[in-house]
Amino acid sequence: MTRRLIATFSPFNADFGYSRAVIRHPFVYVSGTKGFEYPLLNMPEDVGQQARNIWETISAILTEADSDLTEVVKATVYVTAEAYLEPVLQVCSEVLADIRPALTIFVVKALLREDMKVEIDATAMWRVSGAGDAFI
Amino acid sequence: VQQRGSLAHGEKWWTGGCRAVVRYPFVYVSQATALDLSTNAIPIDPIEQITSIWEILKRVLAQADSSLLEIVRCNYYVTREQDTHPILRVCGEVLADVRPAMTMVVVPALSHPDALVSIDVIAMSNHRAMPSFEI
(Lines give C-alpha, C1' and ligand atoms only; values in the text may rest on other atoms or scores of the structure.)
Protein backbone atom coordinates (compact mmCIF):
# COMPACT_ATOMS: atom_id res chain seq x y z
CA MET A 1 0.00 0.00 0.00
CA THR A 2 1.21 3.48 -0.74
CA ARG A 3 0.21 6.78 0.65
CA ARG A 4 0.90 10.42 0.31
CA LEU A 5 1.88 12.80 3.08
CA ILE A 6 1.46 16.55 3.10
CA ALA A 7 4.49 17.94 4.92
CA THR A 8 4.04 20.10 7.94
CA PHE A 9 5.11 23.71 7.83
CA SER A 10 4.47 24.48 11.46
CA PRO A 11 7.23 25.01 14.01
CA PHE A 12 6.32 21.62 15.50
CA ASN A 13 8.15 19.77 12.82
CA ALA A 14 9.62 16.41 12.00
CA ASP A 15 10.86 16.03 15.57
CA PHE A 16 7.39 14.98 16.50
CA GLY A 17 6.96 12.52 13.66
CA TYR A 18 3.78 13.73 12.06
CA SER A 19 2.42 15.17 8.84
CA ARG A 20 0.08 18.02 8.19
CA ALA A 21 -2.18 15.56 6.43
CA VAL A 22 -2.20 11.94 5.30
CA ILE A 23 -4.05 10.75 2.23
CA ARG A 24 -5.23 7.20 2.20
CA HIS A 25 -7.98 6.40 -0.21
CA PRO A 26 -10.79 7.27 0.33
CA PHE A 27 -9.91 9.73 3.11
CA VAL A 28 -7.66 12.67 3.88
CA TYR A 29 -6.70 12.92 7.55
CA VAL A 30 -5.72 16.42 8.67
CA SER A 31 -3.66 16.86 11.83
CA GLY A 32 -4.77 19.05 14.68
CA THR A 33 -4.44 22.53 13.20
CA LYS A 34 -3.54 25.67 15.12
CA GLY A 35 -4.54 29.29 14.59
CA PHE A 36 -1.26 30.60 13.17
CA GLU A 37 -1.29 33.48 10.75
CA TYR A 38 0.91 32.50 7.85
CA PRO A 39 3.56 33.19 6.73
CA LEU A 40 4.74 35.00 9.86
CA LEU A 41 3.41 32.41 12.29
CA ASN A 42 1.74 35.02 14.48
CA MET A 43 -0.77 33.67 16.94
CA PRO A 44 -3.63 36.16 17.27
CA GLU A 45 -4.94 36.72 20.75
CA ASP A 46 -8.56 36.64 19.63
CA VAL A 47 -9.90 33.09 19.77
CA GLY A 48 -12.38 33.75 16.96
CA GLN A 49 -9.54 34.89 14.73
CA GLN A 50 -7.58 31.78 15.67
CA ALA A 51 -10.56 29.69 14.57
CA ARG A 52 -10.83 31.59 11.28
CA ASN A 53 -7.12 31.06 10.61
CA ILE A 54 -7.49 27.37 11.38
CA TRP A 55 -10.25 26.89 8.84
CA GLU A 56 -8.25 28.79 6.23
CA THR A 57 -5.26 26.56 6.90
CA ILE A 58 -7.35 23.39 6.80
CA SER A 59 -8.91 24.57 3.56
CA ALA A 60 -5.47 25.19 2.04
CA ILE A 61 -4.22 21.78 3.20
CA LEU A 62 -7.23 20.01 1.72
CA THR A 63 -6.82 21.83 -1.57
CA GLU A 64 -3.19 20.76 -1.65
CA ALA A 65 -4.35 17.21 -0.95
CA ASP A 66 -6.76 17.15 -3.92
CA SER A 67 -9.70 17.50 -1.60
CA ASP A 68 -11.69 20.51 -0.46
CA LEU A 69 -13.27 22.01 2.61
CA THR A 70 -16.64 20.90 1.28
CA GLU A 71 -15.43 17.28 1.51
CA VAL A 72 -15.01 17.36 5.30
CA VAL A 73 -17.04 14.59 6.92
CA LYS A 74 -15.82 14.91 10.50
CA ALA A 75 -14.17 17.65 12.52
CA THR A 76 -13.10 17.74 16.15
CA VAL A 77 -12.79 21.09 17.89
CA TYR A 78 -10.73 21.51 21.06
CA VAL A 79 -10.91 24.74 23.07
CA THR A 80 -9.05 25.52 26.28
CA ALA A 81 -11.87 27.34 28.09
CA GLU A 82 -15.65 27.16 28.11
CA ALA A 83 -15.79 30.87 27.34
CA TYR A 84 -14.21 30.13 23.95
CA LEU A 85 -17.02 27.82 22.85
CA GLU A 86 -19.33 30.54 21.65
CA PRO A 87 -16.88 32.61 19.54
CA VAL A 88 -15.32 29.46 18.07
CA LEU A 89 -18.62 27.80 17.24
CA GLN A 90 -19.83 31.05 15.73
CA VAL A 91 -16.90 30.94 13.29
CA CYS A 92 -17.45 27.22 12.66
CA SER A 93 -21.11 27.79 11.89
CA GLU A 94 -20.19 30.47 9.33
CA VAL A 95 -17.47 28.39 7.68
CA LEU A 96 -19.39 25.13 7.76
CA ALA A 97 -22.86 26.48 6.97
CA ASP A 98 -23.07 24.60 3.66
CA ILE A 99 -20.87 21.66 4.63
CA ARG A 100 -22.37 20.44 7.90
CA PRO A 101 -19.86 17.76 8.88
CA ALA A 102 -20.12 15.53 11.93
CA LEU A 103 -18.68 17.62 14.74
CA THR A 104 -17.24 16.83 18.16
CA ILE A 105 -16.29 19.58 20.60
CA PHE A 106 -14.10 19.31 23.69
CA VAL A 107 -13.02 21.73 26.37
CA VAL A 108 -9.50 20.56 27.25
CA LYS A 109 -7.05 21.58 29.93
CA ALA A 110 -4.44 22.89 27.50
CA LEU A 111 -3.02 22.65 24.01
CA LEU A 112 0.63 22.48 22.98
CA ARG A 113 1.31 26.14 23.72
CA GLU A 114 -0.28 28.54 26.14
CA ASP A 115 -1.31 31.04 23.46
CA MET A 116 -3.22 28.37 21.52
CA LYS A 117 -6.85 28.64 22.52
CA VAL A 118 -8.40 26.41 19.87
CA GLU A 119 -7.30 23.50 17.72
CA ILE A 120 -9.27 21.63 15.08
CA ASP A 121 -8.63 18.38 13.23
CA ALA A 122 -10.63 17.09 10.30
CA THR A 123 -11.24 14.07 8.11
CA ALA A 124 -12.33 14.65 4.53
CA MET A 125 -13.10 12.55 1.48
CA TRP A 126 -10.36 12.40 -1.10
CA ARG A 127 -11.62 13.53 -4.48
CA VAL A 128 -9.32 11.48 -6.67
CA SER A 129 -11.45 8.39 -6.33
CA GLY A 130 -10.43 5.28 -8.16
CA ALA A 131 -6.74 6.11 -8.02
CA GLY A 132 -6.65 4.42 -4.64
CA ASP A 133 -3.48 2.77 -3.53
CA ALA A 134 -1.74 3.41 -6.84
CA PHE A 135 -1.42 7.05 -5.98
CA ILE A 136 1.80 8.06 -4.28
CA VAL B 1 -18.51 -9.07 1.59
CA GLN B 2 -16.41 -7.11 4.00
CA GLN B 3 -16.58 -8.36 7.51
CA ARG B 4 -16.05 -6.61 10.73
CA GLY B 5 -13.83 -8.20 13.30
CA SER B 6 -13.03 -7.17 16.83
CA LEU B 7 -9.87 -7.76 18.76
CA ALA B 8 -11.21 -8.09 22.26
CA HIS B 9 -8.99 -8.08 25.26
CA GLY B 10 -10.13 -11.04 27.31
CA GLU B 11 -12.37 -10.74 30.32
CA LYS B 12 -10.66 -7.61 31.63
CA TRP B 13 -11.98 -5.43 28.82
CA TRP B 14 -15.05 -4.32 30.72
CA THR B 15 -15.77 -0.92 29.20
CA GLY B 16 -18.00 -2.15 26.43
CA GLY B 17 -15.34 -1.32 23.91
CA CYS B 18 -12.57 -3.58 22.73
CA ARG B 19 -8.90 -3.21 21.96
CA ALA B 20 -9.44 -2.75 18.25
CA VAL B 21 -11.96 -3.15 15.47
CA VAL B 22 -10.85 -4.29 12.04
CA ARG B 23 -12.99 -3.27 9.13
CA TYR B 24 -11.18 -3.38 5.81
CA PRO B 25 -9.31 -1.28 4.90
CA PHE B 26 -9.05 0.14 8.41
CA VAL B 27 -8.28 -0.89 11.94
CA TYR B 28 -9.58 1.38 14.69
CA VAL B 29 -7.59 0.95 17.90
CA SER B 30 -9.14 1.96 21.21
CA GLN B 31 -7.49 4.52 23.41
CA ALA B 32 -4.54 2.71 25.00
CA THR B 33 -2.87 3.59 28.29
CA ALA B 34 0.27 1.99 29.70
CA LEU B 35 -1.81 -0.06 32.13
CA ASP B 36 -0.69 -3.69 32.09
CA LEU B 37 -4.00 -5.54 32.16
CA SER B 38 -2.48 -8.72 33.56
CA THR B 39 -0.75 -7.09 36.54
CA ASN B 40 -2.69 -3.81 36.83
CA ALA B 41 0.68 -2.05 36.97
CA ILE B 42 1.35 1.27 35.30
CA PRO B 43 4.79 2.94 35.15
CA ILE B 44 5.18 6.23 37.02
CA ASP B 45 7.43 7.85 34.43
CA PRO B 46 5.65 9.40 31.42
CA ILE B 47 8.42 8.33 29.03
CA GLU B 48 8.10 4.74 30.26
CA GLN B 49 4.35 5.03 29.79
CA ILE B 50 4.59 6.23 26.21
CA THR B 51 7.21 3.61 25.37
CA SER B 52 5.05 0.88 26.78
CA ILE B 53 1.98 2.19 24.92
CA TRP B 54 3.86 1.96 21.62
CA GLU B 55 4.78 -1.65 22.46
CA ILE B 56 1.10 -2.40 23.08
CA LEU B 57 0.06 -0.68 19.84
CA LYS B 58 2.71 -2.55 17.84
CA ARG B 59 1.35 -5.83 19.17
CA VAL B 60 -2.29 -4.93 18.57
CA LEU B 61 -1.63 -3.67 15.04
CA ALA B 62 0.35 -6.81 14.19
CA GLN B 63 -2.59 -8.92 15.28
CA ALA B 64 -4.84 -6.80 13.09
CA ASP B 65 -2.69 -7.48 10.02
CA SER B 66 -1.34 -3.95 10.20
CA SER B 67 1.74 -2.21 11.58
CA LEU B 68 3.03 1.12 12.84
CA LEU B 69 3.78 2.04 9.22
CA GLU B 70 0.09 1.83 8.39
CA ILE B 71 -1.04 4.42 10.95
CA VAL B 72 -2.89 7.34 9.37
CA ARG B 73 -4.15 9.19 12.42
CA CYS B 74 -2.89 9.43 16.01
CA ASN B 75 -4.67 11.20 18.86
CA TYR B 76 -2.59 11.85 21.95
CA TYR B 77 -4.10 12.71 25.31
CA VAL B 78 -1.79 13.79 28.13
CA THR B 79 -2.65 15.01 31.62
CA ARG B 80 0.33 17.31 32.35
CA GLU B 81 1.44 20.17 30.15
CA GLN B 82 5.10 19.62 31.01
CA ASP B 83 4.95 16.12 29.46
CA THR B 84 3.74 17.16 26.00
CA HIS B 85 7.10 17.83 24.35
CA PRO B 86 9.09 14.95 25.91
CA ILE B 87 6.30 12.55 24.92
CA LEU B 88 6.08 13.94 21.40
CA ARG B 89 9.82 13.53 20.96
CA VAL B 90 9.51 9.81 21.76
CA CYS B 91 6.60 9.59 19.31
CA GLY B 92 8.72 11.44 16.75
CA GLU B 93 11.33 8.69 16.97
CA VAL B 94 8.78 5.88 16.79
CA LEU B 95 6.94 7.53 13.90
CA ALA B 96 9.89 9.03 12.01
CA ASP B 97 9.04 6.97 8.90
CA VAL B 98 5.29 6.99 9.44
CA ARG B 99 4.31 10.65 9.86
CA PRO B 100 0.60 10.23 10.51
CA ALA B 101 -1.92 13.02 11.03
CA MET B 102 -1.65 13.94 14.69
CA THR B 103 -3.53 15.82 17.37
CA MET B 104 -2.34 16.26 20.94
CA VAL B 105 -4.41 17.75 23.74
CA VAL B 106 -3.96 18.09 27.49
CA VAL B 107 -6.92 16.73 29.46
CA PRO B 108 -7.72 16.79 33.20
CA ALA B 109 -7.81 13.00 33.62
CA LEU B 110 -7.66 9.66 31.80
CA SER B 111 -9.31 6.30 32.43
CA HIS B 112 -6.78 5.29 35.09
CA PRO B 113 -5.77 7.73 37.87
CA ASP B 114 -2.04 7.12 37.24
CA ALA B 115 -2.23 7.32 33.46
CA LEU B 116 -0.32 10.35 32.17
CA VAL B 117 -0.74 9.65 28.47
CA SER B 118 -2.98 7.66 26.18
CA ILE B 119 -3.22 7.20 22.43
CA ASP B 120 -5.84 6.11 19.98
CA VAL B 121 -4.99 5.40 16.36
CA ILE B 122 -6.53 4.65 12.99
CA ALA B 123 -4.42 2.47 10.71
CA MET B 124 -4.82 0.64 7.44
CA SER B 125 -5.27 -3.12 7.70
CA ASN B 126 -4.75 -5.73 5.01
CA HIS B 127 -7.29 -8.01 6.57
CA ARG B 128 -10.13 -8.26 4.12
CA ALA B 129 -12.34 -10.75 5.89
CA MET B 130 -11.74 -11.22 9.52
CA PRO B 131 -14.06 -13.07 11.86
CA SER B 132 -14.21 -11.89 15.46
CA PHE B 133 -11.53 -13.32 17.69
CA GLU B 134 -9.88 -12.51 20.97
CA ILE B 135 -6.28 -11.69 21.71
Side-chain angles (χ1 to χ4, degrees), chain A residues 1-8 10-34 54 58 61-62 65 67 74-81 104-114 116-124 126 132-133, chain B residues 23-28 31 50 54 57 61 65-110 116-128:
Chain A
M1 288 198 192
T2 56
R3 62 195 196 156
R4 180 178 159 205
L5 311 177
I6 305 291
T8 171
S10 105
F12 302 101
N13 49 33
D15 291 353
F16 295 163
Y18 74 99
S19 303
R20 171 98 1 208
V22 175
I23 301 170
R24 276 308 296 258
H25 178 73
F27 295 116
V28 182
Y29 298 93
V30 181
S31 281
T33 303
K34 291 93 177 170
I54 288 172
I58 290 178
I61 293 164
L62 288 174
S67 179
K74 164 87 202 200
T76 307
V77 179
Y78 307 87
V79 297
T80 57
T104 302
I105 299 145
F106 290 104
V107 180
V108 296
K109 203 162 95 179
L111 295 168
L112 277 182
R113 235 171 58 182
E114 213 171 319
M116 296 169 176
K117 297 173 175 169
V118 53
E119 176 161 339
I120 302 175
D121 62 39
T123 304
W126 188 39
D133 294 341
Chain B
R23 172 68 160 82
Y24 182 81
F26 296 109
V27 49
Y28 293 88
Q31 193 180 41
I50 188 71
W54 280 119
L57 291 177
L61 289 172
D65 214 345
S66 178
S67 74
L68 288 184
L69 284 169
E70 299 291 339
I71 295 176
V72 291
R73 184 189 284 294
C74 252
N75 289 319
Y76 302 105
Y77 308 87
V78 300
T79 59
R80 303 191 306 200
E81 285 173 73
Q82 69 263 32
D83 293 340
T84 54
H85 286 64
I87 284 172
L88 277 179
R89 270 189 283 276
V90 173
C91 298
E93 285 169 28
V94 175
L95 300 175
D97 299 325
V98 186
R99 313 287 297 271
M102 178 277 275
T103 304
M104 175 179 269
V105 294
V106 183
V107 296
L110 293 166
L116 300 171
V117 51
S118 71
I119 309 179
D120 59 54
V121 306
I122 304 174
M124 312 303 291
S125 165
N126 289 313
H127 225 299
R128 281 171 187 274

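Just so it is clear, the values below take in all heavy atoms, side chains as well, and ignore hydrogens, waters and symmetry mates. Just so it is clear: chains get the letters A, B, ... in the order the sequence lines come, proteins before strands, and each one is counted from 1.
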| field | Stepwise side-chain contact (heavy atoms from CB on, under 4.5 Å) test for B/Ile122 and A/Thr123 | value | CA-CA 12 Å; B/Ile122 304 174; A/Thr123 304; over 6 Å; no
| request: Kindly indicate, with the supporting measurements, whether the criterion side-chain contact (heavy atoms from CB on, under 4.5 Å) is fulfilled by A/Thr76 and B/Asn75. | output: CA-CA 11 Å; A/Thr76 307; B/Asn75 289 319; over 6 Å; no
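By the 30° and 60° cut-offs, the orientation of the rings of A/Phe27 relative to B/Phe26 is tilted.
Other residues, nucleotides and ligands place no more than 12 heavy atoms under 6.0 Å from the CD atom of A/Glu114.
By the side chain to side chain contact (heavy atoms under 4.5 Å, CB included) test, B/Glu81 pairs with A/Ala110, B/Val106, sequence neighbours left out. Under the ring-ring contact (aromatic ring centres under 6.0 Å, His included) criterion, B/Tyr76 pairs with no residue, sequence neighbours left out.
For a residue to count as touching a neighbouring chain, one of its non-hydrogen atoms must lie under 4.5 Å from one of that chain's; by this rule A/Thr80 does not touch chain B. Only the backbone of A/Val30 comes within contact range of chain B, with at least one heavy atom under 4.5 Å from a heavy atom of that chain. With a threshold of 4.5 angstrom between heavy atoms, B/Ile87 does not approach chain A through any atom at all.
The OH atom of A/Tyr29 sits 12.0 Å away from atom CD1 of B/Ile71, with the distance rounded to the nearest 0.5 Å. If you take OG on A/Ser19 and CE on B/Met102, they are separated by 10.0 Å, rounding to the nearest 0.5 Å. Taking CE from B/Met104 and OH from A/Tyr78, the interatomic distance works out to 11.5 Å, rounded to the nearest 0.5 Å.
Between chain A and the residues B/Leu95, B/Thr84, B/Val105, B/Val107, the largest count of heavy-atom pairs under 4.5 Å involves B/Val105.
B/Arg99 places no side-chain N or O within 3.5 Å of a backbone atom of A/Arg20 that could act as its donor or acceptor partner.
Between B/Ala101 and A/Ser31, the shortest heavy-atom distance links the atoms CA-OG, 3.0 Å. A/Arg24 and B/Val72 get closest at one heavy-atom pair: CG-CG1, 3.4 Å.
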